[in-house]
Structure formats: C-alpha cells, structure tokens
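Remarks on the structure that follows.
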Amino acid sequence: MSSDRFRLLFAKKASEAFRAAYSEEYAASGDEQVFNEEYLLQQLEQPKDPSMGRFALPVFRYGRLLGDKPPDIAVKVAGRMNELPGDSDLVRAEAAGGFINARVNPVELTSDTLDRVLSQGSHYGDSDLGRNRKYLIEYCSANIAKPYGVGHLRSTIIGNSLRRVFRKLGFDTIGINYLGDWGTQFGKMIVAYRKWGENVDLNSNAVKKLLDLYVRFHDEAKKNPSLDDQARAAFKQLEDGDPEAVRLWETFKSISLAEFDRIHRMLGVEFDIITGESFLNDKMDAVIERLEKAGLTRLSEGALVVPLDDPNLPPCLLRKGDGATLYATRDLAGLVYRWETYRFHESLYVVGSAQADHFKQAFKVIAMLEEAEGLVPSERMTGRVKHIDFGWVKFEGGAMATRSGNIIFLEDVTDKAVALAKEKILEKNPSLESIDETAHQIGVGAVIFSQFSVRRQKDVNFVWKEVLNFEGETGPYLQYTHARLCSLLRKYSGEITAEIDPALLAGAEEQRVIELLADFPAIVEDTARTYDPHLIASYLLRLAAAFNKVYQRKTSDGRSDKIISDDVNLSASRMALVKSVQTVLHEGLYLLGIEAPEEM
Ligand code: ARG
C-alpha cells in the first residue's frame, strides 16, 4: 500500500492506540514489531465496498497476541485512536467486526489529491520503493526462424508493462529478450535450407519463407525419418562451429532479429538487453561441473540428469546420450549467469503457464545446488527467481484462420485491428487530421489492452467485436475517454489549479472520482506486488466509468450538467478534476504500454 498522509497518520495513531489500550499485553507479547507504525502501514487494506471507508486495518492477527476478541480489539483501539490529539479531523477510525476502517475527511482528501496529481503530473504515483533493488524482467523470448506467436505477444505485452511499472516505483529494472536462437530445430532449418532453399529469395518476406521451409521439413520427415538424423548431424556441425552451418544460422538469426525489431517498434515495446540461448553455449559446462561436484547428477540410460527431491517433478535432463545439451541446461546456465552478473533482488521470467514445470525443475535444481554447496542466504538466488506465468490467448471460434494452418501471426491481428479502427474513425470523425497514426494507436492499443482484460493467469478470449468496442471495457474506450478530456482542456481558457473550493466537488459522483484518483499510487504498487498489470487495466476502467458519470450527469431539470459553464468557480473546480483524470488515464495507459491520442 502506498502511504499518503492519511495512511501515515492512521498508522501512527493505531500504533499509539495499541500500546495505550493494551499496555501490559503489549509489553508481554514479545513481538513489538507488529505494533510498529511501518508494519501497520503495510497491513492496510482496501475495503471491497468503498462506502466502508478509504482503507482498513484488519486486527484478527492480534487476537491471540493480546488475548482479546478481534471485534473488541477493533472497538478499543479505534476509540483510543479518535481520542488522540493531532489532526483529529483528518481521519476517523471506525470499528467494524475485526477491522478498523478509516474515514477520511472528504474536503481534505479532495484538495490533497488534486494538489498531488496536478503538481506531480505524470510523476504522480512514482516512488522510491525500489531504491537499490535490481529487477530483471525477461519477456518476449520469441524463437528465431519461427513466427512470432500470440504467446510471445502476451509475454511481451505483460513484461513491457511490468518494466514500466517497476521503473515508476524506482526499481533498477532491466528488460531482457532471451531469444530462442539455439537448439535442434536449427539442425532442421539447416537441412531444409540446404535441400530446398537454394532458389528461395530471402530478400523479401524472409521470415515467412523460413517458416515454409521449416513446415516442409516436418512434412517430409514424416515420410522420411532419415531427415531427422541429418538434422541432428547438422546441429552437431553448428555446435562444433562448422563455418557453413554457422553462416546459415547467422543468416536465419539476422532475418528474424530485423523482423522482431520491426514488430517491437510497431508495438512500442522496449528492451534493455537482447540476448539468446546461444549466448550460454560456453557457460553450460561450468554449471554441469558444479552440479556434478555437488553430487547431484546421475547417469540415466547414457544421459546426465539431476533427480529432483520433489515427487511431482521428473528429473532434470542436462545432457543427452549423444552429448547434446538442452533448453533446461541453457536456462540453468542463464540463471547462474544472471545471478553472478547482476546480483538481482528478483529475476522474473514472463513465460506462458505451459512451461510451469520447466521452471519448477530449473529453480529446484538451483535450490538443491545452493543447499548442497551450503551457500549463506545472501549468496542464494533461490526465492528471488520467479516464473511469471500467464494463460493462453484464444481467438473466437478456436484458432484464427491464417496464412499457414493454425499458427496465428501477430501482424494479421494488429493489421486487422488498425484497419477496423480506421473504419471507426472515418465513420465518427472523418475530419481528424492524422487518421492513419491515430488508427494505429487505437488498433495496437486495443490488441494490447485485450491482454490485460483478465487476470494474468487466466486465458484471454479474443473477440474482435469486443476488443474494438469504443463503449465496452476496452483500450479504445479508455483512449476515447482520454481524448474527450483533452477536448475539454482545449476548450477551457481558464487556469487549471488545485486551489479550488473542494465543496464544489462534494457530490457523490465527484467524490468517487477523487477516491479513485487517490487510489492510483496504491494500484501501481499492487501491480508490482502481484506482477499483474490487469490491476491497472481494471482500475482505469473504473476511473473512466466514474468520470463518465460526472460527465453525463443531468441537472435536476433534465439539462446536461456542463463541465464548463458560466459559473467560473464551478468550472474551475470541475476542470481541475478533468485535468487530474486525464493525467492519471494518460499515465495508466502508458504503464500498460498504450498510447493516448489527444484526439480521435
Ligand atoms: N523461446 C522459448 C519459447 O518460445 C521461451 C523462452 C522462455 N524463457 C526462458 N528463460 N526459458 O518457448
């Protein structure tokens, strides 16, 4: 939870009140820490129902410690809190079952929130929570010489957003793209290219042509299994550094890199480091040696494995009978490399849930190694490495029909989204100046937002009509609301300031907007804590809906209740709200990786 002055004061008073109301039990508890201000601040929760208060402190855990019933504790502590001197008007404590709810003075909340948003602008919600903490976030990790699939899209979009969120919170964040540029599939590609690639012109549409070669290899290998042996031999050549094999591999690689780069520019996605599995080729032996030395390896039918002390996990395969290493071997080398290079606070792997067992195995091997080596806790990465998993993307009616069977091409999706967005603009606002650019922002924004429409672990159901609906729970709806706010700001000629009369924003609709604006910093922190940008996405939908209630409200005689009117003070107060919502919407969309056009 982010600490605004209301929370700070509440935690301070709660800490004092606990000690005063339970002085003996407190002294005898032997657990002073749980009565600390900082600790209590961490415990504050958001009530499900906003009418219960701004935030709440659950006191259940104090029952046993204090030898009293939680509801009684809540009553006693809340009572004491309200008796304490100092800013008694700012927050009131209110016992409700096992909770102490906080009622915040609405006038104070209004001026405090508007002041913070308007003075901090896009920095509202920034913090130094992450100071001196290094976070590695791996995302995308698409495969060379294969199409960029929707799974990679989802990883990319989630990871890019997490990178922005962690940066906002002051973490030293490094975004890594770990390309699948090594493995037996390159043996197949080399064989396919040697056999059928001679006349293929790789100067245009190369990725597609590489894929065709790959698909052809699989088709022919079904009829002619000796192709697989040839592929193994070709991969061995590559591993041994055979110049012709290496040259082909490098060609495939540079074609794919150029393509990925184009896609990432189109999506507005950034990385700090682009690396790949091949980078770890010379780093695997050292890990294998360490594992052998620690006595963790076994030979199993000629292969080198690490049996895992977890009945649900099969042994981790390090080296096959023919000496070839595997995907897992490279990840182990990568884990060690990243730890030794960065000494990270956490290292995240944003990869689909289909690879859950793979990461469990890899992390388990590391844990066993660190245990066997008797490393002190500060030398261990165990507990710091995390698989940030996510569900599938399902297209309406099963897989979307594409050029090549059941693989979904990302660009088929974004191209269609941009085209649909353009149709919408031509229908709604044909005089718009930069139609193509805006259509791009809306189409891409719609695709990005769709990935956050549900919690990370859930599957996304991608339905065209829903994704681009300007009125639905979509990216375009948020962009549209934002553009509307910008249009109000263009129309308004007065000055925008937080020095307004808060009483003019005392209506229930305005207050809901203010509460939501005040929640933004906490939402950003919750996103980092749960590694789930869905929290920001659903928050922005609530904010836009709450603001639209103000915007669409009618006066008692049925006329529309204008934001900008002849009433100078009222207009000023409402425009302070407009600017604040626009600021938070803009920043929230930015954190998701979505652009916010000013007109659409
Ligand atoms: N390239 C892999 C794939 O597409 C994903 C890599 C995930 N990251 C990792 N460190 N294993 O399946």
Side-chain angles (χ1 to χ4, degrees), residues 135-160 162-163 174-189 207 210-211 214 235 249 252-253 255-257 259-261 263-264 269 271-281 283-284 287 306 313 316-318 325-342 344 346-366 381-382 384-393 406-410 451 456 531:
Y135 265 66
L136 306 192
I137 310 181
E138 186 206 291
Y139 49 99
C140 178
S141 304
N143 299 318
I144 298 292
K146 286 205 201 156
Y148 194 113
V150 274
H152 299 120
L153 169 73
R154 196 158 186 215
S155 165
T156 301
I157 284 174
I158 293 173
N160 186 57
L162 290 178
R163 176 176 173 274
I174 301 173
I176 302 176
N177 188 355
Y178 174 71
L179 298 166
D181 65 354
W182 204 250
T184 44
Q185 75 268 27
F186 290 99
K188 298 177 186 174
M189 280 304 304
V207 171
L210 291 184
L211 177 68
Y214 190 70
F235 182 56
W249 172 74
F252 303 152
K253 189 163 166 164
I255 289 169
S256 293
L257 279 177
E259 172 78 355
F260 294 164
D261 189 51
I263 290 174
H264 291 142
V269 163
F271 298 93
D272 302 295
I273 293 175
I274 297 181
T275 176
E277 295 182 34
S278 64
F279 174 73
L280 299 164
N281 279 343
K283 299 173 180 63
M284 285 181 282
V287 186
V306 178
L313 291 177
C316 182
L317 191 51
L318 298 177
T325 54
L326 296 102
Y327 178 55
T329 328
R330 285 185 284 284
D331 258 323
L332 291 172
L335 279 154
V336 170
Y337 174 79
R338 289 182 195 177
W339 177 236
E340 287 177 351
T341 310
Y342 300 105
F344 47 75
E346 284 192 359
S347 175
L348 312 177
Y349 292 81
V350 184
V351 183
S353 48
Q355 296 196 25
D357 277 349
H358 164 74
F359 284 105
K360 277 188 199 144
Q361 281 183 300
F363 297 165
K364 186 77 199 173
V365 171
I366 293 292
M381 69 175 113
T382 296
R384 299 175 183 274
V385 287
K386 293 185 176 164
H387 176 205
I388 306 305
D389 61 342
F390 55 84
W392 301 90
V393 183
N406 57 5
I407 300 158
I408 290 154
F409 287 86
L410 168 64
Q451 304 303 309
R456 170 162 65 71
Y531 314 102

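Any value given below was found using the heavy atoms of this structure, including those in side chains, with hydrogens, waters and symmetry copies removed. A quick note: this is a predicted structure, and the numbers were derived from the prediction, not measured. Atoms within a ligand are numbered from 1 in the order they appear, just like the ligands themselves.
Glu138 OE2, 2.7 Å is the protein heavy atom nearest to atom 8 (N) of ligand 1. Given atom 12 (O) of ligand 1, the protein heavy atom at minimum distance is Gln355 NE2, 2.9 Å.
Contact analysis leaves Arg330 out of contact with ligand 1, as no non-hydrogen atom separation drops below 4.0 angstrom. Lys146 does not count as a contact of ligand 1, since none of its heavy atoms falls under 4.0 Å from the ligand.
Nearest residue to atom 6 (C) of ligand 1 from Tyr327, Tyr139, Phe359 is Tyr327 (criterion: closest heavy atom). When Asn143, Ile176, Asp181 are ranked by how near their heavy atoms come to atom 1 (N) of ligand 1, first place goes to Asn143.
Under the 6.0 Å distance and 45° angle rule, Arg330 does not count as a cation-pi partner of Tyr178.
Judged by distance alone, the side chain of Lys283 and the main-chain N or O of Phe279 form a donor-acceptor pair under 3.5 Å. In terms of modelled atom types and a separation under 3.5 Å, the side chain of Asn177 and the main chain of Cys140 share no donor-acceptor contact.
The side chain to side chain contact (heavy atoms under 4.5 Å, CB included) test with Leu332 is passed by exactly one of Val306, Val365, Thr325, Leu280: Val365.
Remark: ligand 1 and His152 share an N or O pair separated by less than 3.5 Å (distance only, no angle test). When only interatomic distances are considered, the shortest N/O to N/O separation between Asp331 and ligand 1 falls below 3.5 Å. Taking distance alone, with nitrogen or oxygen atoms compared against 3.5 Å, Glu277 stays at or beyond that limit from ligand 1.
Close placement of the Phe235 and Trp182 rings is indicated, their centers lying within 6.0 Å of each other.
For Asp272, the salt bridge (Lys or Arg N to Asp or Glu O under 4.0 Å) partners at least two apart in sequence or on another chain are Arg163, Arg167. In this view, Phe359 and Tyr349, Phe363, His387 satisfy the ring-ring contact (aromatic ring centres under 6.0 Å, His included) rule, not counting sequence neighbours.
Per-residue contacts place Tyr349 under 4.0 angstrom from the following atoms of ligand 1 (heavy atoms of the residue considered): 10 (N). The distance from ligand 1 to the heavy atoms of Val351 drops below 4.0 Å at these ligand atoms: 7 (C), 8 (N).
Residues Thr275 and Leu179 are not in side-chain contact: their nearest non-hydrogen atoms beyond the backbone lie 4.5 Å or more apart.
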